[in-house]
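Every number for a ligand or one of its atoms is a count from 1 in the order of the listing. Positions are given from 1, in the same order as the sequence printed here. FYI, side chains are in, hydrogens and waters are out, and symmetry mates aren't considered; it's all heavy atoms of this structure.
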Amino acid sequence: MPESYLFSEVGRRLNEYKRKNPGTEVIRMDIGDVSLPLPEVCLNAMREAVDEMGSSDKFHGYGPEQGYAFLRQAIARNDYLQRGIKTITEDDIFISDGAKSDLGNIGDLFSNDIKVAVCNPGYPVYVDANAIDGRAGIIADSRWRDINYLDCRPENSFEVTLPKNEVDVIYLCSPCNPTGEAMTRSNMKDIVDYALTHKSLIIFDSAYEAFISDPDIPRSIYEIDGAEKCAVEIRSFSKTAGFTGVRCGYTVVPGSLEYPDSDGKIISLRKFWLRRQTTKFNGVGYIVQRAAQSLFTENGQKAIKENIRYYMNNVNMLRDALLTKGYEVYGGVNSPYVWFRSRKYMDSWEMFDRFLEGPHLSSTPGIGFGSAGDGFLRLTGFNSVENTAEAAKRILAL
Ligand code: PLP
């Protein structure tokens with residue numbers, strides 16, 4: 001397992017640059033963390049929950065491993081039923097301490113000889129968690145031998161290509177970190193049809209679904225017919241509500257997901273996931289789940305909309321500045337990420353250095369998200385509006 005080279009190399013280049021150029025103010029446009037604090041509605045819910053925890057008759061100890069019914073019901077009602085998805089119920093919802101944990105943990109359900117496909121470029125956890133579990137083989141030239149990479153490039157409008165070989169598990173991300181592009185309904189349908197035909201399982205990471213503004217783009221994989229028979233969906237409150245430090249998300253494992261075990265016996269994935277969770281996980285804190293529940297109130301929904309508006313305004317500023325300067329720009333419309341390259345080909349690290357030395361901006365090199373990301377840089381809308389406006393000004397002055 002190689003070291004996580006990307007962030008240490010970004011840090012090394014930043015430090016080196018600052019050492020050689022003291023007094024230069026570098027703006028961190030690579031940040032994946034949010035800058036807005038927790039909404040007031042969450043703070044109030046947490047304060048109330050803290051008081052309950054201090055009273056002997058309202059104290060909560062170990063909670064249900066799957067999450068409290070009050071939160072699972074709020075999610076099933078607001079995120080699924082009210083959006084026209086009737087196939088998902090509260091029994092299918094498992095509260096987690098964030099999307100990253102479950103993206104890694106879900107591998108506990110799979111044997112080591114299954115074939116895995118990932119969107120390329122993609123959030124590095126999909127590949128790395130499978131490498132740790134021993135399903136990726138060896139690595140050469142940024143590609144693991146036993147992983148099937150589904151390239152998503154501008155040349156094919158970022159459509160996820162169908163696996164060339166038979167695969168058992170497919171990791172998808174929409175809107176995608178890092179490209180910022182969201183999957184179209186027809187692309188999602190193609191992959192769902194593939195999964196139903198080949199009896200594969202889709203792990204659909206929709207951590208950024210709330211940023212989708214285009215009404216034609218599905219926010220959930222379960223908007224596609226048949227997906228409840230072939231897909232797990234993983235979501236997060238991190239970016240919409242400032243929960244990166246609070247830690248809460250959820251995973252949907254529909255009761256209709258059935259797959260053969262190694263003896264060929266058909267088992268319920270939801271039952272198996274519950275068994276896994278009750279064995280290795282003791283649930284998310286009561287205070288945190290009350291804070292998450294508050295997001296489904298009128299004030300909670302208003303706060304989320306405000307946060308999204310703020311980050312999307314930021315990313316728009318970056319997008320406009322890059323387009324004005326003639327870069328080839330993607331994303332930034334239905335997601336808080338902008339993904340771009342120079343029309344004169346440069347590799348990701350050359351681009352990184354150019355943005356550090358020119359506008360003094362730190363970015364994330366696309367190669368860190370997979371081989372199909374080479375040549376690209378990712379900037380995020382998560383910094384403050386002041387820093388982002390300054391970053392856009394510096395890009396325009398390039
Ligand atoms: N999935 C994607 C695509 C992400 O970009 C991130 C965080 O950056 C996560 C999952 C992890 O989210 P969480 O904070 O809920 O663990």
Looking only at protein heavy atoms, identify the closest one to atom 4 (C) of ligand 1 and say how far it is in Å.
Y208 OH, 3.4 Å
With backbone taken as N, CA, C and O and side chain as the heavy atoms from C-beta onward, which portion of A99 lies under 4.0 Å from ligand 1: side chain, backbone, both, or neither?
both
Would you please indicate if the ring centroids of Y327 and F355 are separated by under 6.0 Å?
yes
Would you check the N or O atoms of Y126, main chain and side chain alike, for any that come under 3.5 Å of an N or O of ligand 1?
no
Return yes if a side-chain donor-acceptor contact under 3.5 Å exists between E52 and Y286, otherwise no.
yes
Quick one: does N314's side chain have a donor or acceptor within less than 3.5 Å of a partner on N383's backbone?
yes
Who's closest to atom 2 (C) of ligand 1 heavy-atom-wise, of I234, N177, D205?
D205
Ligand 1 to S236, heavy atom cutoff 4.0 Å, flagged ligand atoms 12 (O), 13 (P), 15 (O)
Of F243, Y123, F382, the one whose closest heavy atom lies nearest atom 9 (C) of ligand 1 is Y123
Could you check, using the six-membered ring where one of them is a Trp, whether Y311 and F382 have ring centers closer than 6.0 angstrom?
yes
Proximal candidate to atom 16 (O) of ligand 1 [heavy atom criterion; set R235, R247, K239]:
R247
Could you establish whether C173 and ligand 1 come within less than 4.0 Å of each other, counting only heavy atoms on the residue side?
yes
Would you say E298 has more than 12 foreign heavy atoms packed within less than 6.0 Å of its CD?
no
Give a yes or no answer on whether the side chain of R378 reaches the backbone of D30 with a donor-acceptor pair at less than 3.5 Å.
yes
F70 six-ring face occupied by R290 cation (under 6.0 Å, within 45°)
yes
Strictly under 6.0 Å, is that where the ring centroids of F376 and F369 end up?
no
Look at atom 14 (O) of ligand 1 and say which protein heavy atom is nearest, naming residue and atom and giving the distance to 0.1 Å.
S238 OG, 2.6 Å
When you compare ligand 1 with S101, is there at least one nitrogen or oxygen pair between them that comes in under 3.5 angstrom?
no
Is ligand 1 less than 4.0 angstrom away from at least one heavy atom of F237?
no
Counting from 1, what ligand 1 atoms have a heavy atom of G98 closer than 4.0 Å?
15 (O), 16 (O)
